[in-house]
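Reading through the structure tokens given below for one structure.
What you see is a predicted model; the values in this text were computed from it and never measured. Here, residue 1 is the first one in the sequence, and each next residue gets the next number.
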Amino acid sequence: SFHGIIRSMKKLYIAIALLSVVSSLSLVPQSLYAQDEEKSPKIVFEQTEHDLGEIPQGSNATYTFTFKNEGEGTLKIGKLRTSCGCTAALISMDTIEPGEKGEVKVTFSSGKFKGNTSKTVTVPSNDPKNPEVNLHIKAIVKVDIDITPQSLNFGDMPRGSSQDKPVTLTKIDGTKF
């Protein structure tokens, strides 16, 4: 029948079209794929961890991490993320050409922290093999005087009444008051 011939011709046409597409893909030189990979950016940090050492409570400490675009494509840095509001991070520039260097300046505000603490800054980029780099800072926050407990709750008290609660003050260096 006429309709059967039309259906067979449509199937043949689709098969020929698919075959020509597949055969044309195999003619694309593999070097083009390699070239695309070579043109990728590559973010490389000199170091991803830094110990700020001992810092006084209530102070700020800053460290600058340095990185380089060791790839062949333009490196684009996204919005930096910090693990805590006590940590700020600034990027020197958000677009780094191949061979150029950039910096991430990290400032930690020790506030009311005490003892060992560590914070993280996440650096997102368009590096296909390393889309996020985590930078780590750590510090030992020193206090001159330790107060225990750090807060007191006297609850609801009638006007004119009093209440006693013990508070211990300790000099961290071991010397007497």
Side-chain angles (χ1 to χ4, degrees), residues 14 17-153 172-173:
I14 290 171
L18 284 173
L19 186 60
S20 67
V21 168
V22 170
S23 65
S24 69
L25 286 177
S26 65
L27 296 175
V28 176
Q30 291 298 318
S31 63
L32 287 180
Y33 295 120
Q35 210 172 23
D36 289 341
E37 286 177 17
E38 288 174 14
K39 290 192 178 184
S40 296
K42 181 179 180 185
I43 189 168
V44 178
F45 276 85
E46 289 179 6
Q47 67 184 67
T48 57
E49 295 183 22
H50 181 72
D51 187 347
L52 296 167
E54 292 184 359
I55 60 173
Q57 188 178 49
S59 68
N60 293 341
T62 300
Y63 182 76
T64 302
F65 291 92
T66 303
F67 65 94
K68 184 176 182 181
N69 179 2
E70 292 187 0
E72 297 295 320
T74 301
L75 178 67
K76 295 185 181 184
I77 305 296
K79 184 177 183 205
L80 304 179
R81 297 186 312 272
T82 60
S83 61
C84 174
C86 63
T87 307
L90 295 171
I91 188 83
S92 58
M93 58 183 137
D94 57 8
T95 302
I96 293 88
E97 294 303 323
E100 287 185 348
K101 288 187 174 187
E103 296 178 339
V104 177
K105 183 178 179 181
V106 179
T107 301
F108 168 64
S109 297
S110 65
K112 294 187 186 239
F113 288 97
K114 66 179 177 179
N116 292 325
T117 186
S118 61
K119 303 299 169 195
T120 303
V121 175
T122 302
V123 181
S125 75
N126 65 333
D127 179 340
K129 292 186 178 169
N130 200 9
E132 285 190 344
V133 176
N134 288 320
L135 306 176
H136 305 278
I137 59 167
K138 64 181 182 175
I140 300 171
V141 181
K142 290 292 192 180
V143 293
D144 292 328
I145 299 173
D146 190 27
I147 304 170
T148 308
Q150 290 201 350
S151 65
L152 296 173
N153 182 355
I172 298 301
D173 65 6

With side chain to side chain contact (heavy atoms under 4.5 Å, CB included) as the test, pick out the partner of [X] among [options].
X: Ile77; options: Asp127, Asn126, Ile96, Val133; value: Ile96
X: Ile137; options: Val121, Thr62, Val106; value: Val106
X: Ile43; options: Ser125, Pro131, Pro124; value: Ser125

Keeping [X] on the side-chain end and [Y] on the backbone end, is there a donor-acceptor pair under 3.5 Å?
X: Ser110; Y: Ser59; value: yes
X: Gln57; Y: Lys112; value: yes
X: Asn69; Y: Gly99; value: no

Hey, what do you get for [atom1] ([X]) to [atom2] ([Y]), rounding to the nearest 0.5 Å?
X: Leu75; Y: Ser40; atom1: CG; atom2: OG; answer: 11.0 Å
X: Lys39; Y: Glu72; atom1: NZ; atom2: CD; answer: 9.0 Å
X: Leu135; Y: Thr87; atom1: CG; atom2: OG1; answer: 11.5 Å
X: Lys138; Y: Thr117; atom1: NZ; atom2: OG1; answer: 11.5 Å
X: Lys79; Y: Ile91; atom1: NZ; atom2: CD1; answer: 14.0 Å

Task: Test side chain to side chain donor-acceptor pair (under 3.5 Å) applied to Ser109 - qualifying residues, sequence neighbours left out - done: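 For Ser109, the residues satisfying side chain to side chain donor-acceptor pair (under 3.5 Å) (neighbours in sequence not counted) are Asn60.
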- [ ] Identify the two heavy atoms, one from Pro98 and one from Gly71, that lie closest to each other, and give their separation to 0.1 Å.
- [x]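 Nearest heavy atoms, Pro98 then Gly71: CB-O, 3.3 Å.
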- [ ] Check Pro128 against Pro41 and note the closest heavy-atom contact, atom names and distance.
- [x] CD-O, 3.8 Å
Task: Close side-chain approach of Thr82 and Lys119, heavy atoms under 4.5 Å - done: no
Open item on the list: I want to check something: taking the side chain as every heavy atom from C-beta on, are Phe67 and Val123 in contact at a cut-off of under 4.5 Å?
Closed with: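 Side chain of Phe67 against side chain of Val123, heavy atoms only: no contact under 4.5 Å found.
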- [ ] Could I get the full list of salt bridge (charged side-chain N to carboxylate O under 4.0 Å, His left out) partners for Glu132, not counting sequence neighbours?
- [x]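 Partners of Glu132 by the salt bridge (charged side-chain N to carboxylate O under 4.0 Å, His left out) criterion, ordered by chain and then number, come out as Arg81.
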- [ ] Kindly state each residue pair satisfying ring-ring contact (aromatic ring centres under 6.0 Å, His included) with at least one member in residues 86-112, sequence neighbours excluded.
- [x] Phe108-Phe113
TODO: Could you tell me how the ring of Tyr63 sits relative to the ring of His50: parallel (under 30°), tilted (30 to 60°) or perpendicular (over 60°)?
DONE: parallel
